[in-house]
Structures are given as structure tokens and as C-alpha cells.
Amino acid sequence: MFKSGDIVKVLIPNVVNTGYDYRLTGAADLGTFVRVSVMNRQYIGVVYGIGDSNLPPEKIKSVLEIYPEHLSVADLQWIQKMSAWTLMTVGGVLRLIVNVPDAFSPPRMEQLYIYNTESDARMTDARQSVADAFASNDNDAMGASDIQNIAHVSGAVVRTMIRRGILIPTTARPRDTDFSHLIYTDNGTVQLNAEQLAAAHEINNAIDRGGFSAYLLDGITGSGKTQVYFDAAWHAYNRGASVLLMMPEIALTAQFMSRYEQRFGAPPIVWHSNLTAARRREIWRGVLRGQIRMVVGTRSALFLPWQNLGLVVVDEEHDTSYKQEDMGNYHARDMAVLRAKISGFPIILASATPSAETLQNVADGKYTRLKLTSRFGGASLPTITTIDMRENRPEQYKLPTDTDDTPPHTGSLSPILCDAIGETLNAGHQTMLFINRRGFAPIVQCKKCGWVAQCPDCSVGMTYHKHLGKLLCHMCGRTMNVPEKCPECGDVVSYRGAGLEKIAEEVNIKFPSARTALVSSDTIVSRQALERIVNKMECGETDIVIGTQILAKGHHFPNLTLVGVVDADMGLFGTDFRAAEHTFQQLFQVAGRAGRGAVAGRVLLQTYQPDHPVLQAICDGDRDAFMASDMAARRAAKMPPYGQLIALVIESPRESTLKQFCSALSAAAPIATGVKIMGPIAAQIYQVRNMYRMRFLVSGDARAMLQPLVAHWVAKVRAPANIRIKIDVNPQNFM
Ligand code: ADP
Ligand code: ZN
Ligand code: ZN
């Protein structure tokens with residue numbers, strides 16, 4: 001406890017590695033939130049330790065304000081450990097927590113708008129996004145900047161909508177909900193089966209015992225993992241602890257919300273990146289004051305100012321979206337485990353396809369595995385078989401608009417898959433076709449001279465998007481007009497390869513009576529848009545849904561009995577050591593969508609390599625054998641989790657500066673036993689958004705302390721202003 005007049009160190013949420021000294025104007029604790037001024041800018045920081053600067057006392061500024069709220073000492077330790085682990089600055093980590101700028105100020109006055117559902121103005125894609133933005137925020141009034149940010153539309157769109165009366169100004173009403181009446185109950189309608197009970201029992205005991213423990217809730221798709229962790233969540237909540245349920249953005253479905261509400265008597269408080277500024281502010285404050293004790297959220301929810309956090313659930317723990325890569329690099333699952341360890345509470349990692357890292361922790365006895373082995377309600381697992389595409393060539397097709405001279409179009413669906421789709425349609429069941437490639441055609445090329453449409457800012461090709469009527473760069477989002485003829489030789493350009501839109505075209509020709517829906521990040525710009533498609537699936541208004549990985553997760557469609565994977569080979573031959581694992585997980589999850597109801601499902605994988613071990617393992621449903629062999633290979637290659645990796649990505653708009661700096665860095669590379677430094681090499685995607693990119697990869701064995709070594713190394717070489725260095729500990733992305 002510090003008293004008025006004491007000099008303390010205050011950490012501010014900015015890229016700094018140390019706190020600055022201030023004089024207290026009242027009592028405060030370690031972790032207490034204070035407002036201070038640094039170089040004429042005000043920050044909300046936290047008291048971080050005893051002051052130790054040798055400035056004369058009269059030069060030390062006073063804090064401007066001391067707040068009653070604080071982080072705990074364990075939180076401060078977590079911030080430090082997280083910084084040491086990720087090589088983010090401590091202030092940078094604090095910024096992940098203190099990221100609601102006006103959390104301590106009175107609510108801002110701002111002109112708000114509501115959405116006019118009566119308006120008969122023409123609907124465009126942009127206006128639909130705005131409608132969805134409102135729907136996804138309970139149709140609350142929103143300010144113009146929120147509308148722009150959440151709907152991803154321009155200010156011009158918003159202004160036009162105001163002018164046309166689609167958005168109606170409403171009273172500028174600052175909102176600050178009082179959450180003190182938010183109470184969840186367990187309405188006890190759910191009867192767990194024996195396996196679920198056993199798992200819940202074990203976790204609940206750990207909650208009662210207190211202290212750190214980690215569980216892998218390992219259950220096949222549809223086995224009822226959700227109800228098990230709901231049970232544990234209730235148990236911890238009921239004891240007065242706070243509970244975080246973390247999941248990938250895509251799993252925050254209406255289906256999930258209604259299950260939550262059924263179980264706990266009120267809808268969840270949801271935290272994700274598309275909330276209005278006002279909503280972020282009130283949830284943040286509600287959590288800080290301990291009024292909100294249960295949140296369902298994406299990875300950033302781990303950084304809410306939790307009070308008395310007592311249980312974290314990481315659902316779909318293998319999901320790559322837990323890895324943050326823009327503002328600092330951290331893996332939310334790993335940071336959650338770290339937090340649980342430091343504060344001493346149980347954590348549950350749930351998955352049907354656990355990551356190698358987690359399985360190794362189970363093997364090492366660090367995590368306890370709780371298994372759910374059967375689908376809830378006795379639904380059986382689908383049968384999974386391959387279709388050998390070398391022997392089952394897809395039939396070509398013609399479009400009604402084609403002339404006699406137009407060559408027929410190459411199909412992607414083999415006769416066997418087409419027969420299966422036909423049978424499924426006749427039986428009145430639903431089909432899902434999975435193709436992880438957005439757009440119509442990934443390659444736009446001239447067959448005469450070889451010219452390929454490339455993004456001028458990135459070293460990747462442009463994808464043809466028919467629906468958009470444009471070429472689109474999947475790296476930077478730049479669009480270009482579709483070339484009428486080859487810019488080099490004037491010949492016709494052709495579209496090669498098949499994306500989602502092309503598969504849809506083929507389906508519509510081959511099954512003209514089927515009602516189809518497309519699901520990809522291009523067609524699904526908001527959670528609301530996804531809900532609409534999911535609803536149509538649920539009420540049987542869609543026969544065939546064609547989608548990318550957005551479809552692979554979380555949804556429960558009882559009438560879906562056929563899953564066709566159009567190109568199962570995609571992803572098998574990635575250069576990254578997790579390619580096999582990720583392909584396995586993805587295909588296994590997609591397969592898990594089939595046959596969740598009374599009728600058994602089947603999954604067909606189209607492949608040119610039916611003997612490939614990954615595909616064989618999926619057909620056998622033998623996850624454990626597959627992971628064992630994948631992990632053995634990784635062990636031999638000293639890849640994670642049996643070795644450590646840190647990637648350095650160096651970027652610059654100037655190629656010469658980049659090369660010079662990389663050689664300087666290379667010359668200063670440390671030498672240590674058991675540590676290997678590879679690079680610099682040009683990144684696989686050498687240019688992104690006009691920045692040139694080179695990479696180093698530092699590897700070492702599992703116990704090597706790579707972080708201090710890398711930190712020291714990078715600090716030794718002065719980086720010119722136009723160089724950007726990204727340090728990625730335990731990288732997931734090798735592009
Ligand atoms: P998982 O997350 O393991 O894939 P879910 O939790 O989605 O599985 O459960 C699959 C289905 O079984 C859901 O429709 C869910 O509501 C139902 N279910 C699971 N456990 C129970 C239970 N104890 N009582 C009633 N329904 C359950
Ligand atoms: Zn040409
Ligand atoms: Zn680009």
C-alpha cells in the first residue's frame with residue numbers, strides 16, 4: 001500500500017518497457033489505475049512498483065487522478081511474463097488491456113442514429129452491411145463512426161443513408177448500463193449423460209479445490225462438450241468467481257447464444273471486435289467493477305480487466321484464430337494458460353481435434369484429458385471415403401449463355417459426388433460442399449503469351465470474383481477491373497482453377513432445381529449474414545450450401561447428411577510443418593458437420609492422392625494414430641512442441657534498405673549452442689502492400705531460452721526509420 005506523497009512507478013499503455021515515476025496524491029496499491037501526463041499527453045496507467053529515478057524530487061510530476069479500481073498483483077505478473085514470452089513491451093501488453101480509451105471519462109455525447117426498417121430505399125451490399133451492423137448490436141442507436149467501423153463502409157455511404165432517411169437521428173443519449181442486476185441462474189433443464197457428468201464432476205472438483213489445473217475436454221464433434229463446460233462455468237460463477245468462455249469469432253452463433261440463454265436464464269455478454277465504442281466501454285467498466293462476471297468472447301476478451309477470474313474455457317483450442325498477428329504476436333490460448341497458472345485457477349481447453357501442443361502437454365502429464373467418446377443422443381459418426389479423381393473425371397458443362405463455339409467448361413465435381421448429391425436431394429436431405437478457395441478463379445492468365453494478372457503491391461496473383469465483377473487481391477484487398485483482353489498481346493484471357501463461385505455455377509447447371517447458398521468471407525460480411533444462411537439451412541430452405549472454412553465450425557444441422565470436399569488435396573503440401581495437422585483438423589471438422597441428426601451422414605473427399613496418410617487417417621477416423629505419427633515426425637525434426645521457433649519478419653518499402661539492414665542483422669547474429677539461425681531469406685510472399693519482406697527463423701531446443709537471445713540481438717543493430725521488425729514467438733504463419 002502506497003500513501004500520498006510516495007513516489008511510484010506508473011506503467012502506461014504504450015510501447016515502453018519501463019514505468020515512469022510519479023508522486024501520489026492519495027493512497028494507492030500496486031495495480032491501481034491512475035491518470036498521468038507524459039509529454040503533454042494523458043494516459044490511464046497502472047501503479048507498477050516503487051519509484052527509483054534519481055531525479056530531484058521537485059522534478060517529479062504528480063499523478064493527475066487516482067481511481068478506485070485496480071488490476072491485481074497477479075495481473076501485473078502476468079503482464080511481465082507475457083512480455084518476456086512474446087517479446088512485446090510490457091507497456092504494449094498493458095495496452096491490450098487498457099484499450100478502451102475513454103473508460104474512465106464520462107460517456108461521450110455524440111449524435112446517434114437508428115436504422116429505419118420501414119425505409120423503402122434501394123438495398124445495396126453496403127446498405128445491407130449497415131443493416132447487419134445494427135442487427136448485430138441489438139438495433140441500438142449508433143454514432144456515425146461506429147457504423148463505419150462495424151459495417152466496414154465509407155463515410156459517404158453513411159451520409160447518403162442519413163440523407164435518404166434510412167438512418168434516423170435520435171437523441172444524443174450517452175449510455176452507461178448498470179450491470180449490477182445482471183444475474184445468471186442454472187435453470188437445471190439439462191441432464192448430462194454419464195460421460196458428460198464424469199467430466200464435469202472432475203472439473204468442478206478442481207474448482208472447489210482451487211489452484212491451477214488444465215483440462216483437455218477431448219470429445220468428438222457433437223459429443224456435447226458445450227454442456228460440460230457450461231456446467232463448470234456455472235459452478236465457478238456460483239462460487240463468486242468470474243468466468244471467461246473464449247471461442248473463435250465464427251462460433252459466436254445465434255445457436256450458441258440461445259443455448260447459453262436456455263442454460264443460464266439470460267443472454268450472454270458478448271465481447272468481440274465489432275462492438276460499438278459505447279458497448280466496449282460499458283462492458284469493460286462492468287467487468288472492472290465486478291458487475292459482469294461471465295463473458296463470452298473472442299481472444300481479446302482475455303484482456304478485459306477481470307476481477308477474481310476463476311475459470312477460463314478455450315473452446316476449439318486448436319483454432320488458428322487464437323493467434324493474434326497484427327498488434328503484437330500472442331497466442332490467446334497459451335496466454336490464458338499462463339494467466340491461469342499465475343492466478344491459480346483451472347482452465348479448460350475443448351476440441352474434437354486438439355493441437356499437437358496440447359496433446360503433448362497431456363502426454364507429459366501437465367494437462368488432464370477428459371474424454372467424450374460418443375455423439376450426444378446416439379447420432380452416429382459419418383462414414384468417410386475418398387473419391388479417386390484420377391479415375392473419376394468430372395463431366396464438362398455448358399452454360400445457357402454459351403454459343404456453339406464456346407468450349408465446354410471444366411467441371412470440378414466427379415460423377416460419384418454428383419450421384420451422391422442427387423440421392424441426397426431426392427431424399428430431401430441437405431448437402432454441404434466445402435472448397436477453401438474464395439472467388440471464381442484463382443488464376444487469370446493469357447494462354448497465348450502466359451501473362452498473369454498480379455497485384456501491383458503484393459507478390460500474389462489476382463483472383464477473379466464474378467459476383468463482384470472484379471479481380472481481387474486476397475493479400476491487400478485491392479480490386480481491379482476485369483481485363484477485356486490480355487494487356488501484353490491482346491489475346492483473350494482465361495480463368496484457371498475453380499473457386500467457390502465456379503463450383504456454385506457447376507452445381508446450378510447440374511442441379512437446376514436445387515436451392516443453393518454460398519458462404520465465404522465475401523458473401524458473409526457480418527455475423528447477421530451468416531445467421532440468415534444458417535437459418536435457411538435450419539428451416540430446410542437450402543438444399544446445397546457451398547462454402548469455405550467459415551462453414552467448418554460450430555454449426556449443427558440435423559438434416560445435413562452429405563459433405564463433399566471438392567479438393568481435399570489443397571493444404572496437404574504446404575511448406576509449413578503444421579500443414580498436415582491443420583488439413584487434418586479442417587477436414588475432420590468439416591466431416592463433423594454431417595449426420596448430426598437421426599440419419600447417418602457420409603463424407604466424400606475428392607483427391608488425386610487417395611493413399612495420402614492424412615486422408616487415410618481421416619477416412620479411418622483415427623485421429624490419435626494420425627496425430628501420433630505427425631508428432632513423431634515433428635519430434636525428429638525438432639519442430640514445436642519439441643523445439644522452439646521465433647520468426648523475425650523484417651519489412652521495408654525500400655528493397656535496398658531492407659537488404660542492408662538484414663545483412664547487418666545477419667552479421668550480428670548471436671552464436672549459442674543448440675540455437676540455429678536461418679535466413680535472411682525473402683519471405684514466401686515477398687511483397688505485401690508495397691512492403692518488401694525478409695525473414696529470419698531462430699530455432700532451438702525446447703528448453704533453450706530463445707527470447708532473451710533474440711531481444712539482445714535485435715537491440716544490438718540500429719534499425720533505420722523505414723524498417724519494421726516483427727518478432728513472432730512460436731509463429732503459426734510462415735508466409
Ligand atoms: P460439441 O460441442 O461437442 O460438438 P455440442 O455441445 O454442440 O457438441 O452438442 C451436440 C448436440 O447435443 C447439441 O444439439 C446439444 O444441444 C446436444 N446436447 C449435448 N449435451 C446435451 C445434454 N446433456 N442434454 C441435452 N442435449 C444435449
Ligand atoms: Zn497474352
Ligand atoms: Zn495486394
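Hydrogens, waters and symmetry mates play no part in the numbers below; they use all other heavy atoms, side chains included. Counting starts at 1 for both ligands and their atoms, in listed order.
Here Tyr184 and Phe230 keep their ring centres 6.0 angstrom or further from each other. Annotation: His474 is in aromatic contact with His465 [ring centroid separation under 6.0 Å].
Ligand 1 places these atoms under 4.0 Å from at least one heavy atom of Gly224: 1 (P), 3 (O), 5 (P), 6 (O), 8 (O), 9 (O), 19 (C). Shown in contact with Val190 at under 4.0 Å from a heavy atom are these atoms of ligand 1, numbered in order with element: 22 (C), 23 (N), 24 (N). Residue contact check: Thr221 has heavy atoms under 4.0 Å from atoms 4 (O) of ligand 1. Residue Gln191 has at least one heavy-atom neighbour below 4.0 Å for each of these atoms of ligand 1: 22 (C), 23 (N), 24 (N).
Closest heavy-atom approach to atom 1 (P) of ligand 1 among the candidates Lys225, Gln589, Arg375: Lys225. For atom 15 (C) of ligand 1, the choice among Gln227, Arg259, Gln255 with the nearest heavy atom turns out to be Arg259. Between the choices Phe376, Tyr229, Phe256, the shortest heavy-atom distance to atom 12 (O) of ligand 1 belongs to Phe376.
Salt-bridge formation is detected for the pair Asp208/Arg239: a Lys NZ or Arg NE/NH1/NH2 atom is positioned less than 4.0 Å from an Asp or Glu carboxylate oxygen. Between Asp491 and Lys485 there is no salt bridge, since no side-chain nitrogen of the basic residue lies less than 4.0 Å from a carboxylate oxygen of the acidic one. Under a 4.0 Å N-O distance rule, the pair Asp728/Arg695 does not qualify as a salt bridge. Under 4.0 Å is where a charged nitrogen must lie from a carboxylate oxygen, and between Glu357 and Arg578 at least one such pair does.
Within the structure, ligand 1 has Gly222 among the residues with a heavy atom less than 4.0 angstrom away. Proximity of Ile220 to ligand 1 is established by a heavy-atom distance of less than 4.0 Å.
Other residues, nucleotides and ligands contribute at most 12 non-hydrogen atoms within 6.0 Å of the CZ atom of Arg496.
Counting only protein N, O or S atoms, 4 lie closer than 2.8 Å to the Zn ion (ligand 3).
Looking only at distances, no side-chain donor or acceptor of Arg438 sits under 3.5 Å from a matching main-chain atom of Leu500. Glu317 places no side-chain N or O within 3.5 Å of a backbone atom of Ser351 that could act as its donor or acceptor partner. Distance alone, capped at 3.5 Å, is enough to place a donor-acceptor pair between the Glu581 side chain and the Ala356 backbone.
With the Zn ion (ligand 2) as the vertex, atom SG of Cys449 and atom SG of Cys489 span an angle of 110° (nearest 10 degrees).
Scored by the salt bridge (Lys or Arg N to Asp or Glu O under 4.0 Å) test, Glu249 finds Arg527 as partners (sequence neighbours excluded).
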